[in-house]
Every structure is written in structure tokens, then in C-alpha cells.
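The structure appears right after this line, and notes come after that.
Letters A, B, ... are given to chains in the order of the sequence lines, protein chains preceding strands, and every chain is numbered from 1. Just so it is clear, the structure is predicted and the values come from calculations on it, not from any experiment.
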Amino acid sequence: MAGAKGDKPAKADKAAKVAAAVAKSSKGRKKETGLGLTNTKDGNFGEWYSEVVTNGEMIEYYEISGCYILRPWTMAIWDVMQNFFDPEIKKMNIKTCYFPLFVSNNVLQKEKDHIEGFAPEVAWVTRSGDSDLEVPIAIRPTSETVMYPYYSKWIRGHRDLPLKLNQWCNVVRWEFSNPTPFIRSREFLWQEGHTAFATKEEADTEVLQILELYRRLYEEYLAVPVVKGQKSELEKFAGGLYTTSVEAFIPNTGRGVQGATSHCLGQNFAKMFEINFEDEKGEKAMVWQNSWAYSTRTIGVMVMVHGDDKGLVLPPKVSSVQVIVVHVPYKDADVKEIINACSETVKTLCDAGIRAEADLRENYSPGWKYSHWEMKGVPLRIEIGPKDLASNQVRAVRRDKGTKVDIPMAGLVDSVNGMLDDIQKNMFEVAKQKRDACIQVTKTWDEFVEALGQKKLILAPWCNEEEVEKEVKAKTKGEIGAAKTLCSPFEQPELPEGTLCFASGKPAKKWTYWGRSY
Amino acid sequence: MGALRLPCLTSIFAVSSASLFPRCRNNHLNVRKLSSTAKVEVAPVQEQAITPHSQDFNAWYLDVISMAELADYGPVRGTMVIRPYGYAIWEAIQDYLNIKFKETGHSNMYFPQFIPYSFIEKEASHVEGFSPELALVTVGGGKELEEKLVVRPTSETIVNHMFTQWIQSYRDLPLMINQWANVTRWEMRTKPFIRTLEFLWQEGHTAHATSEEAEREAMQMIDVYTKFAYEQAAIPVIPGRKSRVETFAGADRTYTIEAMMGDRKALQAGTSHNLGQNFSRAFGTQFADENGQRQHVWQTSWAISTRFVGGIIMTHGDDAGLMLPPRLASIQVVIVPIWKKANEKDEVLDAALSVKDVLHTAGIKVKLDDSDQRTPGWKFNFWEMKGVPLRIEIGPHDVSSRSVVISRRDIPGKPGKVFGISMEDPVLVPYVKEKLNEIQSSLLDKAIAFRDSNIVDVSSYDELKEVISQAKWARGPWVGSDEDELKVKEETGATIRCFPFDQPQGPKTCLMTGSPAEEVAIFAKSY
């Protein structure tokens with residue numbers, strides 16, 4: 001293994017080095033040298049995060065910087081989200097398909113603004129076997145340019161519309177800024193939906209329908225509060241008409257994080273790729289298009305929002321194990337009986353559709369197991385010892401609050417279901433309170449700068465001018481990054497007449513969230 | 001190798017740029033439409049006939065793929081776009097297998113697509129087998145990379161790299177994982193679904209404490225595949241062991257399921273490898289056993305890919321087009337309403353809608369084709385071409401008699417058509433379910449009969465040559481050397497598909513060498 005580590009590219013970034021250290025320390029853990037994180041969430045957030053995702057067995061760092069291995073603990077969460085989202089979009093009559101990973105250069109170059117946004121991040125296949133390719137071939141950073149030539153081909157008349165496709169796939173963006181597991185990685189998994197309509201109204205409607213699904217994904221599944229809103233001109237998708245997003249916030253770092261985006265592309269791509277149709281009057285018209293995506297980044301946001309100094313905290317709805325049952329043997333107690341009780345409990349819960357598992361390993365102490373499953377963020381732990389057995393009850397310990405209750409075996413399923421629901425709810429409420437506590441309304445530049453220094457999520461009246469946003473960015477550029485707009489929330493507070501932009505002093509047009517971001 | 005040619009499409013496939021795309025109205029999809037002046041409003045189907053199965057199997061296959069809207073050619077040579085109707089077949093395959101994998105104790109995970117070239121080099125025969133087909137990334141983010149990266153052709157190397165870090169003791173074993181991913185092999189001769197530069201698959205990887213356990217796992221997974229092929233895809237595959245020559249680069253033993261296509265060529269439809277300790281030795285993947293001794297793990301890997309979709313098309317399709325086994329069909333029943341006069345339309349559509357609701361509620365995948373641009377006859381042909389197992393017709397007479405007409409895709413014309421089936425739930429639902437089951441087993445029976453009538457037992461090389469020249473499969477006793485096997489390949493174009501698990505009893509004499517043989521092998525030309 002030491003040799004393998006040596007294979008790492010010499011220029012490995014800092015995060016990867018940290019990870020290597022973490023990987024080693026996690027190895028030590030397995031030999032019962034005590035569990036636990038060496039960093040705290042408040043103390044050193046970056047290192048804490050690396051440690052949580054590796055020790056929680058979600059991610060493994062890898063020789064190639066910015067590429068991560070997604071372990072079963074992660075993929076189970078991804079699967080749950082997919083099992084929610086995929087049927088929902090199928091109900092909207094969106095079909096699944098698969099377009100190639102490889103893009104030829106001239107297709108990639110077709111939409112100029114678009115490619116300017118992505119070109120610096122493209123990875124190129126230049127060789128096959130022993131020979132050089134005549135023309136290098138790109139690996140998709142996103143699929144607009146791969147898909148739209150086909151839309152042009154498949155769409156003829158208004159009856160071919162709407163064309164609504166989605167694909168689940170990997171994409172590659174070869175960035176050099178600090179890679180962070182889930183949040184910014186060179187390869188990631190996502191869904192990308194691409195739809196074409198006859199009218200702008202239909203496209204507008206769908207943008208919001210999808211955005212609502214993204215909100216539900218975050219709030220109902222990941223228990224992460226998000227703000228729905230529109231991106232500024234500067235921050236919108238390159239080549240699109242407008243971009244909507246759900247924005248989350250990480251209180252510890254004071255950074256916003258773009259959770260998922262739903263873009264209306266307008267007719268720009270239709271023009272470039274000649275996606276035309278004959279309308280009902282027999283006249284040629286261009287389609288209106290949308291594209292929308294969420295990625296494995298969602299999981300990183302969840303970890304950052306809920307994790308604590310003991311490790312991951314997973315919302316019950318997405319956790320691959322919702323209840324972990326641990327047996328607590330005492331001297332002279334009938335271990336077999338306790339183990340049977342544990343297995344029975346797991347069976348009862350599983351039969352009721354609860355994802356429960358027992359950890360009956362003999363070579364680890366109960367205490368070690370408690371720490372282990374806390375590290376992995378399992379929402380509820382059930383302990384069964386001789387006393388519990390005698391009184392026909394089990395002890396349940398919540399991961400989110402650490403509270404312990406004894407629950408009678410009779411009615412176990414109802415109690416556990418109730419607790420899981422409550423954990424889900426509580427996690428969202430707590431996260432929302434924390435986020436809301438960070439929201440700071442600022443009306444002047446001085447207030448803005450102060451709030452930014454305090455890691456606030458800033459809500460400010462803005463004149464909605466691109467130049468002004470650029471200036472704000474330039475003026476706040478510091479070690480920890482420049483502030484920018486996150487979104488203008490759809491739910492706008494009242495903007496009294498005469499309110500001025502915090503930055504330019506011009507009349508404000510709307511309230512906008514500002515902050516540093518991932 | 002004739003079948004690997006792509007008659008009318010070779011030129012298209014050779015083009016590596018997007019120059020194909022500027023409004024490609026007269027491109028490959030419409031080659032047969034030369035005389036047609038049809039434009040915008042006319043769908044590409046119907047106007048062009050599918051090349052008959054018997055006349056040119058390859059052209060038939062490509063026609064079915066484009067006209068049934070299963071796939072389209074990708075922008076880069078040898079890649080493909082899987083369209084929703086084709087992808088739905090893959091989703092059905094995934095839905096079934098994903099559950100089976102979990103039931104057998106495997107967890108899903110995801111490994112990066114890029115593998116440092118140095119990893120690939122670690123297992124000698126592996127690098128030898130794969131290096132001509134590797135796609136290499138050397139530039140990323142505008143910079144030359146320090147180490148060239150391989151776009152995964154398969155993941156044994158990266159998996160082993162990680163297993164080495166995750167496995168410490170016997171308690172960490174068995175380690176059983178699976179991933180659904182895309183893989184890349186830079187092939188020269190390509191064919192949609194069957195062989196493309198990039199394809200989708202699942203790859204299972206497991207590590208075990210003992211050789212026996214690994215062998216059991218490899219066999220278990222080939223059984224899962226066999227069962228899937230028979231029960232879901234209605235493809236009577238022959239499970240068996242690959243010859244040394246055909247064994248996976250880096251495996252001790254490769255098990256395979258071999259399917260006979262409509263042109264009687266063989267298709268390797270899934271494989272399961274016993275990797276022995278080859279990768280664990282190359283990567284130092286060791287565990288401490290119960291006595292504290294360090295040992296190398298024993299491993300398996302196994303995969304099924306989108307190639308299987310091609311297998312389904314080529315097993316069941318006929319001159320009318322695609323024929324989907326009901327269990328994998330995304331549309332199991334299509335309802336075609338029929339009306340002549342405007343005043344009939346409403347009541348017919350109402351009835352069609354209520355039939356649709358009844359079937360949908362019963363969990364049957366049903367589609368109502370109520371578009372009024374097409375005649376019922378056109379729709380019949382269209383949905384037959386798309387391979388939908390059952391068609392329900394509802395006309396004004398049917399509405400008044402509260403009944404429907406039901407036609408089977410697998411039995412053409414009158415014999416497959418039944419009139420007067422009540423449209424009431426208690427009658428219709430069980431009837432449709434029963435018919436779907438009948439079609440499912442009838443497709444399998446037909447495929448078994450076809451397969452069995454095209455496998456000929458041979459006892460000499462001359463007989464083998466004769467059988468292969470008739471484009472059939474030859475089955476005969478074999479203990480020949482690797483050189484003998486290559487000679488057969490050179491002289492007849494056939495390879496050993498497998499030593500089938502199902503072996504005939506009695507003494508055997510090798511068809512090539514005349515020595516006593518233990519097993520029969522199956523020889524055939526293949527995709």
C-alpha cells in the first residue's frame with residue numbers, strides 16, 4: 001500500500017495529502033485504537049469534512065486528484081434520490097436515454113458562449129492503443145452540444161414536440177481549483193434533463209416544475225433547507241436565457257452552495273443547432289429549450305449541513321441503514337438469547353419496511369460499535385441487553401439529538417417509525433434555524449462588508465446590474481474568495497419604493513442573496 | 001468476418017466529425033427513402049420497408065434499430081446514442097439484475113472512470129489483452145497531464161488497488177461489490193449495441209478467502225445471468241466455460257452464456273470470471289487469515305452490457321421488425337382505437353381510455369395510440385415494428401358489444417387475432433396477463449427449437465467444417481491445443497464458444513486429434 005501511495009501524481013493537491021493521512025488514521029481505527037475525528041466542525045471545517053466523508057466510508061480518495069471512489073454508503077443515498085426523482089420525471093413524460101461520453105471538437109465548439117464557459121475544463125482523449133488520434137476527442141463536460149444535433153434531426157413538426165429526455169451519467173470537468181469530495185470533483189455523477197418545446201410558456205412552466213422537485217429532494221429527503229430563486233446574468237448558465245437554482249448554505253463556512261439548477265435556454269441553442277419545427281400553420285419556428293441537472297454534489301451538501309463532531313448524521317429517508325441494532329452482552333448473561341432478540345428485532349423492523357441491520361460482531365465492544373455507527377450517521381441505534389430483555393423493551397438512541405428512550409417491544413414498529421419521522425423533521429428544522437440565523441439583511445456597503453466578514457448569508461437590495469456585481473466581486477476579492485450573487489429569491493420581501501442598491505446607490509430592483517460560495 | 005461489415009453504413013461510421021449533422025435529412029436513416037419526397041410531417045417509419053430478415057440480416061438489424069427508434073449513431077465514429085425506446089430495454093434489464101445482485105449480497109458503488117496507466121500495466125496478461133483498445137487521456141484543463149490516464153475498459157485494476165486498502169483480515173471478506181458504469185474500448189469494427197467504443201454495463205467484483213468460494217461465486221453469477229436470459233429475455237443461452245484462448249485477459253477461468261442469433265451466429269451475452277489470485281498477486285491484495293497468516297485473496301468479476309439489447313433484437317425479431325419479450329417490453333399492450341365517422345370518435349376514445357385505465361391499474365404497461373394523423377392500419381404496422389407484444393383494437397361495434405379485439409405480435413395475421421374479449425376488468429385483465437405469459441414462453445420455445453435445430457454433433461474436423469459452412473453450430477469432443485483452436489478459427493472462421501456445462505454422457509474422441517476427450521465444445525462463428 002505504501003508503494004501505491006507513491007504512485008500518486010507528484011503535484012497532488014493539499015486535500016489529497018490530507019486524505020492520505022486520514023486513510024492511514026482510519027486504518028488504525030480498525031484495530032480498535034479508538035474511533036473519532038481528529039478535527040472538529042467548528043475548528044477546521046475543511047479537514048473535518050475530509051475526515052467525515054472518509055471515516056464515514058462514503059468516499060475513498062484516489063491516486064488521481066479530484067477523482068473519488070463512491071462507496072456503497074454513498075451509492076445507497078444516490079439510489080434513494082434517484083428512486084424518488086426518476087419516477088417523478090417519468091410522470092412528467094420525460095424519457096430516459098443515453099448519449100455518448102465522447103464529443104468531437106467541432107460539435108463542442110458550436111455554441112460559442114457555452115464553450116467559453118467549459119473549454120478550459122475539458123479532458124481530451126488523444127491516443128488509442130499505441131497510436132495518436134487524428135483529431136483529439138473530448139469527454140463531455142455536459143451534453144448540450146452532444147445532444148442537440150440529434151434534436152435537430154429528430155424534431156420536424158410540432159407533433160414531435162415536446163421532446164423531453166433525461167440521462168443519468170458521469171461527466172468530467174478538469175478543474176484545477178481545490179477539489180472537494182462531492183462538492184467539486186473532476187468526475188461526478190448526475191442526471192441531465194434536456195427538453196424542447198414549441199412555446200416559451202411551456203418551457204417556463206417546466207423550469208419551475210423541475211426546480212420544485214429539486215427543492216423536495218433537498219428539503220424532504222436530505223433535510224437541507226434551500227432557497228429557490230433566479231441567478232444573475234453573470235452567474236447564469238453560459239449560453240442560456242435564464243437560470244433558476246436551489247441554493248443551500250453552510251453556516252460553518254459562511255458559504256452558499258448552488259444545490260441544483262434548472263435552466264431555460266431560450267432559443268439560443270436552437271439557433272446554433274438549427275432545431276426547427278413546422279408549427280400548426282406550416283410555418284417554420286425555433287424550439288424553446290430547457291436543461292436541468294442535479295449531481296452527487298447534493299450528498300456533499302447534506303454531509304456539510306448535518307455532520308457533527310462525531311461524524312455523519314444521515315436523514316432517515318436516505319440512509320441505507322436507518323436502524324442499527326447492537327447487542328450488549330453482560331457477564332453471566334445469556335448471549336445467545338440476546339442475539340436472538342436482536343435478530344428478531346431486525347426482522348420485525350425489516351418486515352415493516354424499515355431498513356434495519358444488526359451488528360453482532362463479537363470482536364468489537366458495544367462502545368466501539370456505538371462510535372462506529374455514529375460515525376456513519378445511522379439515525380437510530382437500538383441496544384439490547386439482558387435488562388432490556390427482562391423488561392421486554394429495547395433502548396433507542398437518536399443520532400441527531402443523542403437522546404435515549406426505552407421503548408416496549410410491543411408496538412416497536414410504530415415507535416420506531418415515529419422516531420424516524422421525527423428525526424427527519426427535526427434535522428430539517430434544526431438546519432433551517434441555523435441557516436435562518438445566518439441571514440442578514442444589509443442595506444449599505446458597510447453593513448454588507450461587515451456581514452460578509454461574519455460569514456452571513458446576505459440579503460440585500462440590488463440594482464440588478466452586471467457591472468455592479470463585477471465590482472462587488474472585485475472589491476471583496478480576498479483570501480477566502482469574492483462575494484457574488486447566489487440568487488434572487490422567488491419569494492421577495494417587500495421592496496419599498498425608493499430603496500437603493502447596497503452597492504451602487506442606484507434604485508434597487510430586487511432583493512438578492514449574496515455571499516461567498518462553493 | 002463478413003457480418004462485421006456494415007454495408008450501407010460503413011462510410012457513416014468512418015466519419016469522425018460532426019459534419020454529419022447539418023440538417024442531415026438525407027443521411028443514413030433515410031437511405032431507403034430516396035424516391036420519397038416526404039418532408040416534415042412524415043415520420044420516417046412506414047415509408048421505408050425493413051430489409052427482410054432472410055435477405056440481409058445485417059441490413060435488417062440496422063433497419064430495425066433505426067426505425068424502431070432504439071438507437072442512433074453517435075457523433076464520434078463507433079459510438080451510439082441510445083434512444084428512449086432502446087434505453088427502456090436496458091432499464092428493464094437493470095431493474096431485474098440490480099435486485100438479484102442485492103439479494104446475493106452485493107452492494108453498489110462507483111469507481112472513477114480514469115485509471116492511471118501504471119495500474120493497467122501491473123497484471124501482465126491484462127495489459128496485453130487490453131492495450132490495443134485503450135483510450136488515453138493526455139490533456140486535461142488545457143495542460144498536458146503528468147501521467148496518461150486510461151478511460152476504463154473494465155475496472156479490475158482500480159478495484160484491486162482499492163481492495164488492497166480495504167481488506168485487512170478474513171473478517172473483511174467476502175467483499176462483494178457491483179457498479180453500473182460506462183466503459184470504453186477503442187474498437188475498429190463496430191456495430192450498434194453489439195460492439196461500440198463506449199458501452200454501458202454492470203461489473204461485479206468480489207474478493208474471497210478461498211479458491212472454492214470464488215469458484216462458487218463465479219458459478220452463482222453465471223447462473224443469475226442464465227436465469228435472466230431464459231426467464232426475462234426468453235433467450236435460451238448455453239452456459240459453459242471458455243477455452244484458454246477465449247479466456248478473459250487476467251482470469252483463470254471464464255464462464256459465459258452464449259446465445260444464438262437469428263442468423264445463427266453466436267453472441268457472447270454475459271461472462272463471469274474466476275480471477276484466481278492473478279490480480280491480488282499483482283496488486284498485493286492480502287488478508288490475515290484466522291491464524292494470522294497473510295494470504296492473497298481469491299477474486300471474481302462478471303458483467304452484462306448493453307450488448308444484451310442487441311441480443312434481444314437479433315433473437316426474436318422478424319421481417320416485421322422488433323419483437324420484445326413481454327417481461328422486458330416498456331409497452332406490453334398498445335390500444336388502437338378505430339373510428340370512421342366523427343360521431344363515433346368520442347365513444348371509441350372513451351372506451352379506449354377506460355380500457356387503458358383498467359390495464360394500467362392492473363400493473364400492465366399499456367399505451368393508447370389516439371393520434372388522429374394516422375390510419376389504424378398504419379398504427380398496426382408501426383407498433384408491430386416496435387415489437388409490442390399485444391395489440392388491442394376497439395371500434396364502434398366493439399363499444400356497443402363492450403368487447404375488444406386482441407392480436408398477438410408473435411403470431412402474425414388471423415391466427416393471432418381473437419375477437420370479442422370482454423372489456424370488463426374481471427375478464428380483460430386476467431386474459432391479457434395470460435396472453436403476455438403465453439407470448440413470453442412461446443418466444444422462448446421458438447428460440448429453443450431454432451437453437452436446437454441448428455446445433456449439429458460432429459465427430460471429425462471435416463464434419464465440423466461442413467457444419468460451419470452451413471452457418472450452424474458444431475458440437476464435438478475436443479482436447480485440441482491452443483494452436484489447433486486457432487487453426488479452426490483461421491480455416492473456418494469459427495471459434496470455441498464454450499464447453500457447455502451440459503455435457504453428453506459416454507466416451508468421447510477429440511474431433512481434431514483423435515485422442516480421448518473429456519468434454520464436447522461448441523464451435524460457431526460469432527459476433
- Task: Check each atom of S169(B) against the heavy atoms of chain A and say whether the ones under 4.5 Å are side chain, backbone, both or neither.
- Result: neither
- Can you tell which part of L101(A) gets under 4.5 Å to a heavy atom of chain B, answering side chain, backbone, both or neither? both
- Query: Which one of T184(B), L197(B), T306(B) has the most heavy-atom pairs closer than 4.5 Å to chain A?
  - Reply: T184(B)
- For P116(B), is it the side chain, the backbone, both or neither that has a heavy atom under 4.5 Å from a heavy atom of chain A? both
- What part of D132(A) lies closer than 4.5 angstrom to a heavy atom of chain B: side chain, backbone, both or neither? neither
- Message: Just checking F163(B) against F279(B), ring centres under 6.0 Å apart?
- Response: no
- Task: Could you look at E121(A) and say if it's the side chain, the backbone, both or neither that has a heavy atom under 4.5 Å from chain B?
- Result: backbone
- Within 45° cone and under 6.0 Å: K148(B) NZ/CZ vs Y117(B) ring: yes
- Note on the structure: Honestly, the part of V103(A) sitting under 4.5 Å from a heavy atom of chain B is backbone
- Query: Between W78(A) and N108(B), do the side chains contain an N or O donor and an N or O acceptor separated by less than 3.5 Å?
  - Reply: no
- Query: Does any heavy atom of chain B fall under 4.5 Å from the side chain of N166(A), the backbone, both, or neither of them?
  - Reply: neither
- Task: Check whether more than 12 heavy atoms from other residues, nucleotides or ligands sit under 6.0 Å from atom NZ of K365(B), and answer yes or no.
- Result: yes
- Message: Check for me whether R71(A) meets the cation-pi criterion with W166(B), that is, NZ or CZ under 6.0 Å from the six-membered ring centre and within 45 degrees of the ring axis.
- Response: yes
- Query: Does any heavy atom of chain B fall under 4.5 Å from the side chain of T74(A), the backbone, both, or neither of them?
  - Reply: neither
